[in-house]
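Beneath this line is the structure, given in structure tokens, with notes to follow.
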Amino acid sequence: MTLLVRVWERVKKALRYVWLSIWSIIQIPIDLILETFPPTRIAFWVKDNFRPFWDWLISIHLVQRSVSKAVFRRFGGTTAPRPHQMTMADNYTSWKGIVDRRFTGRHLPEDKEFERRTRPETEDLVNLFLRPEDGTSGGTMQPDLRSTLLFASFAQWFTDSFLRTSHAFEFDDETGEVVTENDIPVRQPGREKINVSTHEIDLCQIYGLNKKMTDKLRDPNNHGCLRSQVIEGEEFPDFILSRAPTKREKKLPIKTRFECLHDERVLRHIFKRTKTAKRYKMLFATGLEHSNATIGNALFNTIFLRQHNNIAREIAASEPDWDSDRVFETTRNTMIVILLNIVISDYIRHISPLGLPLSFQPGIAEAETWYRRNRIHIEFNILYRWHGLVPSQFSFLPKPDDSADFRHNNEWLIEKGLSGAISAFSKERAGMMVLGNTPRFLAPVKRDTITIMRSSRLQTYNAYRKRFGLKEAKDFSDITMDTSMAAELSRLYGGRIDDVEWYIGMCAESHGRGMLMGDLMFYMVAHDAFTHALTNPLLSNEVFTQDTFGGVGWKYVQEVKSLKQVVANVVDSSTVCEFAINGIHADRA
């Protein structure tokens, strides 16, 4: 038997060499075709001219898996794998920078020519981003052809969990209040260098950043569940405050069980945006301090808390011998993988130009050079400030033009209910991600973004195009086909194309067909998303087994691939739940 096995292994090895030889010959004309005609152009041509064939082709499971592998490998390998030579720790390679993940990473070293380059005034660049004035607080929005507020809110909720630059507030020694100038908080110098991230996609939004926080958020009276409350038949996170604070109080009336969940001074500053005493009382206790910042954040925390508790109850019922810790940890494993699947199969699919049904494949990254420990980069942090998606008005609110009503307003969410809120978000158009389309009320945030970019001394737009395998722009018309925008960029940068700053050029890029963003942003998003999500420890071949998730959890990680499925598990399944207007994904754009 041993001899037969050895013979068979040699036969397989020989066949593999034969196949590789044949494939290398076939690959030559394929490479020539792909070099002449980009793959996306070929795919769009096939989709446009042979739509029934295209729909049939991408519905085949083997094709989905093969295409997905090619996409993961293509964008995962777009640039050098981690660890990178430089971090924000120093402007040279240091051991602390490589191993201490409190220091944010960076794709490229500091720009050595930074001081010599033409840099427009910050306010001139801020004005490039803002929507035209129309008498409202937001300005006139250019609507995106297919994205909804649900997509925009998911993007914020998702990325805020790991793109966590240190607050670095300056506090007044006597009052404990955050020091402000012109109503803007004063930050400690070097803030952009330090993060407080776990660097993982780990649902810290509902579990917190460490065990101490997790223990405070767990419900000791319900096997494996998170603390929650039922309001008019609907489950929501528990409230963090025992009552609304008075103006004279120096400390928030935080419930005893949630004391030290977050830095109370930071919470006090963040909660100041809360408009009424009733809304103060309705602020949720969740894993991150900004979890109540927008209705969107509160909405997604509620969705995923409900799904956690539903699965925990199901596991507890099916495994009566398991203690609360095992039920909780197994549920958390399950929930994290569900989120990873949604990111790959639903969220990234919406971003991609062809709407390809990407196949979630645990373990696929282990054979790749980019299978490395995660590290958040300063570029990824800045890149993901997709303010153009935010509407100028929120038509479902009583005062649509009052953007402040979208913040710290769990009152609306509770009164509307999860079903009504999801439906409203799915019907609200998001804006396009282009220059000239940031709501005017977000001007201070855009100003802060430019400040962080410059204090990080990031390299130029062309340097990053080269880093990610794209052709460098030779002229301003290579950045954007909008002639007036190209002329304005040329004026601001003194006609020096190589001085155009990375973030400005990236946001100015014309969008390719079916794209939500320009090429450079798409390449960078895809690279960081795939190398971040697919290297999660739970997806390793050693860990991704039924033993890790139990029978109930294993069923969920195999079946749940979209946000819509999660929503169907926690509210009425007929609820509208779409990243895209009328359910139109990129493949229908």
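Predicted model only: the values in this text are computed from it and were never measured.
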So [X] and [Y], would you call those rings parallel, tilted or perpendicular, with 30° and 60° as cut-offs?
X	Y	value
F239	F284	parallel
F169	F171	perpendicular
F162	H532	perpendicular
F328	H308	tilted
F75	F530	tilted

Before giving the answer on side-chain contact (heavy atoms from CB on, under 4.5 Å), spell out for D238 and Q229 the whole-Å C-alpha distance, their side-chain angles and the decisive distance to 0.1 Å.
CA-CA 5 Å; D238 197 359; Q229 58 184 322; 4.3 Å; yes

Side chains of [X] and [Y] in contact at under 4.5 Å (non-hydrogen atoms):
X	Y	value
Q393	P391	no
S161	L288	yes
L418	E235	no
N297	T286	no
I452	I378	yes
R131	P439	yes
N222	N309	no
L538	F544	no

Which atom names give the shortest non-hydrogen contact between [X] and [Y], and what distance separates them?
X	Y	result
F103	N195	C-ND2, 3.7 Å
F406	S153	CZ-OG, 4.3 Å
Y371	S540	OH-CB, 3.5 Å
K69	Q361	CE-OE1, 3.1 Å
F549	T545	CD1-O, 3.2 Å
D401	G138	OD1-N, 4.3 Å

Using the test salt bridge (Lys or Arg N to Asp or Glu O under 4.0 Å), find all partners of R164 that sit at least two apart in sequence or belong to another chain.
E289

Give me each pair satisfying salt bridge (Lys or Arg N to Asp or Glu O under 4.0 Å) with a member in residues 195-210, each pair once, sequence neighbours excluded.
none

Between [X] and [Y], do the side chains contain an N or O donor and an N or O acceptor separated by less than 3.5 Å?
X	Y	value
E314	Y556	yes
N374	T535	yes
T148	S426	no
N381	T165	yes

Rounded distance (nearest 0.5 Å) linking atom [atom1] of [X] with atom [atom2] of [Y]:
X	Y	atom1	atom2	result
N569	Q307	CG	CD	4.5 Å
L442	S403	CG	OG	7.5 Å
W386	F151	CH2	CZ	5.0 Å
F522	M517	CZ	CE	7.5 Å
E379	H527	CD	NE2	10.5 Å
T294	L299	OG1	CG	9.0 Å

Would the distance check show the side chain of [X] and the main-chain N or O of [Y] forming a donor-acceptor pair, the cut-off being under 3.5 Å?
X	Y	result
T198	L209	no
R306	V567	no
D219	C225	no
Y347	F579	no
N410	M282	yes
R429	D144	yes
R268	K250	yes
R101	R375	no
S562	D346	no
Q205	W157	yes

Check the pair D160, H290 against side-chain contact (heavy atoms from CB on, under 4.5 Å), reporting the backbone distance first and the verdict last.
CA-CA 9 Å; D160 279 359; H290 278 292; 5.5 Å; no

Please determine whether the number of non-hydrogen atoms from other residues, nucleotides or ligands lying under 6.0 Å from atom [atom1] of [X] exceeds 12.
X	atom1	value
R257	CZ	yes
K216	NZ	yes
K446	NZ	yes
R243	CZ	yes
K427	NZ	no
E542	CD	no

Give a yes/no verdict on a cation-pi contact between R65 and F360, requiring under 6.0 Å between NZ or CZ and the six-membered ring centre and an angle within 45° of the axis.
no

Could you walk me through whether L397 and I295 satisfy the side-chain contact (heavy atoms from CB on, under 4.5 Å) test, starting with their C-alpha distance in whole Å, then the side-chain angles of each, then the deciding distance to 0.1 Å, before giving a yes or no?
CA-CA 11 Å; L397 294 176; I295 298 174; 4.0 Å; yes

Step through it carefully: locate the ring centre of W412, locate the ring centre of F394, and say whether they are under 6.0 Å apart.
no

Could you go through residues 331-344 and list every donor-acceptor pair under 3.5 Å that involves a side-chain atom there, pairing it with any protein atom two or more places apart or in another chain?
unit_1, atom_1, unit_2, atom_2, d
T331, OG1, V327, O, 2.7
R332, NH2, E329, OE1, 3.4
N333, ND2, E329, O, 3.4
N333, ND2, T548, O, 3.4
T334, OG1, T330, O, 2.9
N341, OD1, S345, OG, 2.7
N341, ND2, V560, O, 3.2

What verdict does the side-chain contact (heavy atoms from CB on, under 4.5 Å) test give for H377 and R82, after you've listed the backbone C-alpha separation in whole Å, the side-chain angles of each residue and the deciding distance to 0.1 Å?
CA-CA 10 Å; H377 291 75; R82 300 181 295 268; 3.8 Å; yes

Going by an N to O cut-off under 4.0 Å, is there a salt bridge joining [X] and [Y]?
X	Y	value
D405	R279	yes
R385	D448	yes
K275	E411	no
R218	D325	yes

